[in-house]
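Below is one structure, written out as structure tokens; comments come after it.
Keep in mind that what you see is a predicted model, and the values were worked out from it rather than measured.
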Amino acid sequence: MRRTIIFTFIFVSVFSFNVAAQIDDIIHIDGVEWKLLDKPLNTNVKLDIQTFLCKEKDLDWYELRQNGFISSWSIKGEKLMLESVEDIPQDTLISIAEKEGFESLVASWFSGTIEAVQGSCIYQGRYINQSRYETELHIIIAKGEVIDKYLYHNKVLADGFALTGNKENDEKSLNENFAIDFNNYSDLKGKRVGIEISDISVNPCGELTDFKYRLIGANMSNVQYSQLEEEINKHLYNITWKTMLINGEVRPYTSHFVYPLNFKEY
């Protein structure tokens with residue numbers, strides 16, 4: 001009798017889900033509007049602009065970040081410019097910036113990489129800046145100055161196995177792709193075995209090329225653990241994985257997951 005795998009948790013990392021609510025900033029580059037995945041005002045640098053916003057909204061800085069606020073940016077003369085912040089009049093914004101010693105509204109407090117995106121979201125990450133879009137422009141900034149830009153065209157290369165965060169669909173997919181006959185593992189009766197698959201690599205056709213595998217359970221010297229590992233490996237290589245081209249790299253949609261097998265009688 002074939003038993004159904006009992007799932008009490010599914011964990012997916014690198015590409016993940018459950019996105020925290022956040023309001024997107026926008027940025028204008030050469031007259032074109034992009035959605036900005038980053039918030040250059042959410043830095044570790046304390047700014048009077050932040051303080052002003054907190055007072056206007058009657059929130060502390062942590063609460064302000066959680067509630068979200070919209071800022072508009074642009075690239076002008078190879079500089080990152082803060083154009084507007086909601087609830088702050090433009091004259092007030094300029095006055096605050098100049099008082100802090102910034103050159104007009106040049107974001108000279110910011111250094112790092114910002115990601116501007118367009119098109120459809122092809123991967124939904126846990127946080128907004130982990131999501132991936134059809135077109136991405138990565139802009140490297142040093143003290144408000146644009147140092148370099150990288151343009152990427154992302155796409156799905158192969159459709160197939162992927163864990164997306166929908167519990168019902170994910171459990172069904174795992175049961176279909178890892179159909180384990182528990183009757184073949186009498187030595188494991190009554191045991192709970194966790195299986196971790198990580199560092200999954202695939203080719204553009206969605207075929208598995210490499211991965212790391214770990215069984216989590218007691219008495220790992222039991223010969224049936226090796227038997228189970230061999231069976232899982234066969235299933236892994238029989239799967240067509242959902243595969244994407246992301247920022248010039250071929251990646252699986254799901255690169256790491258853990259789930260338990262419950263070897264018990266019903």
Test question: given the 4.5 Å side-chain rule for I, L, V, M, F, W and Y, name all other residues clustered with Ile140, or answer none.
Ile147, Tyr150, Tyr152
Does any part of the side chain of Ile141, heavy atoms only, come nearer than 4.5 Å to the side chain of Leu80, both counted from C-beta?
yes
Any ion pair linking Glu83 and Lys76 (charged N to carboxylate O, less than 4.0 Å)?
yes
How about Gln124 and Tyr253: does a side-chain donor come under 3.5 Å of a side-chain acceptor?
no
Contact check, side chains of Ile139 and Val146, non-hydrogen atoms, under 4.5 Å
yes
Would you say CG of Asp30 has more than 12 non-hydrogen atoms from neighbouring residues, nucleotides or ligands within 6.0 angstrom?
no
What distance separates Ser173 OG from Leu163 CG, expressed to the nearest 0.5 Å?
6.0 Å
Quick check on Glu168: does its CD atom have over 12 non-hydrogen neighbours (other residues, nucleotides or ligands) under 6.0 Å away?
no
Would you say Val117 ends up clustered with Ile26 if hydrophobic residues are merged whenever their side chains have heavy atoms under 4.5 Å apart, either directly or through other cluster members?
no
Looking at Asp181 and Glu231, what are the two nearest heavy atoms and their distance?
N-OE2, 4.2 Å
Please find the pair of heavy atoms, one from Asp25 and one from Ser71, that lie closest to each other, and give the distance.
OD1-N, 3.0 Å
Which atoms form the tightest heavy-atom contact between Thr254 and Ile200, and what is the distance?
O-CD1, 3.7 Å
If you define the side chain from C-beta out and look only at heavy atoms, does anything of Leu215 sit under 4.5 Å from Ile232?
no
NZ/NE/NH1/NH2 to OD/OE distance under 4.0 Å, Glu229 and Arg214
no
Any side-chain heavy atom of Trp34 within less than 4.5 Å of one from Leu36?
no
Taking the side chain as every heavy atom from C-beta outward, state whether Phe182 and Leu188 have any atom pair closer than 4.5 Å.
no
Heavy-atom side-chain contact between Ile114 and Ile27 under 4.5 Å:
yes
Where Lys79 and Val106 come nearest, the two heavy atoms and their spacing:
CD-CG2, 4.0 Å
Gln118/Glu33 under side chain to side chain contact (heavy atoms under 4.5 Å, CB included): CA gap, chis, key distance, verdict:
CA-CA 9 Å; Gln118 290 182 336; Glu33 181 174 298; 6.0 Å; no
Taking all atoms of both residues into account, what is the closest heavy-atom pair of Gln227 and Asn184, and its distance?
NE2-O, 3.4 Å
Rounded to the nearest 0.5 angstrom, the CZ-NE2 distance for Phe161 and His235 is 12.0 Å
State whether the side chain of Thr209 and the backbone N or O of Ser201 hold a donor-acceptor pair below 3.5 Å, judged by distance alone.
yes
What is the distance from atom CG of Asp24 to atom NZ of Lys35, rounded to the nearest 0.5 Å?
4.5 Å
Is there a side-chain contact between Phe178 and Ile195, using heavy atoms and a 4.5 Å cut-off?
no
Any side-chain to backbone donor/acceptor pair from Glu115 onto His138? Under 3.5 Å, distance only.
no
With side chain to side chain contact (heavy atoms under 4.5 Å, CB included) as the criterion, how do Ile180 and Tyr185 come out once you've worked through the C-alpha distance, each side chain's angles and the decisive distance to 0.1 Å?
CA-CA 10 Å; Ile180 307 298; Tyr185 300 94; 3.9 Å; yes
Any chance you could measure Trp241, atom CH2, to Asn177, atom CG, to the nearest 0.5 Å?
8.0 Å
Correct closest heavy-atom pair for Cys205 and Thr240 would be O-CG2, 4.1 Å
Can you tell me how far apart CE (Met81) and OG (Ser72) are? Round to the nearest 0.5 Å.
11.5 Å
Between atom CD1 of Ile88 and atom OG of Ser95, what is the distance when rounded to the nearest 0.5 Å?
11.0 Å
Partners of Trp73 by ring-ring contact (aromatic ring centres under 6.0 Å, His included), sequence neighbours excluded?
none
Can you find a heavy atom in the side chain of Gln224 that is under 4.5 Å from one in the side chain of Leu228?
no
Can you check side chain to side chain contact (heavy atoms under 4.5 Å, CB included) on Thr135 and Leu137, steps first, answer last?
CA-CA 7 Å; Thr135 303; Leu137 180 63; over 6 Å; no
In sequence, state the C-alpha distance, the side-chain angles, and the governing distance for Arg132 and Asn247, and then conclude on side chain to side chain contact (heavy atoms under 4.5 Å, CB included).
CA-CA 9 Å; Arg132 302 273 61 102; Asn247 301 342; 4.1 Å; yes
State plainly whether the residues Glu249 and Arg251 are in salt-bridge range, i.e. N to O under 4.0 Å.
yes
Any side-chain donor near an acceptor of the partner, Glu136 and Asn154, under 3.5 Å
yes
Are any side-chain N or O atoms of Trp109 and backbone N or O atoms of Leu41, one a donor and one an acceptor, separated by less than 3.5 Å?
no
Looking at Asn233, Val202, Asp199, which hits side-chain contact (heavy atoms from CB on, under 4.5 Å) with Phe211?
Asn233
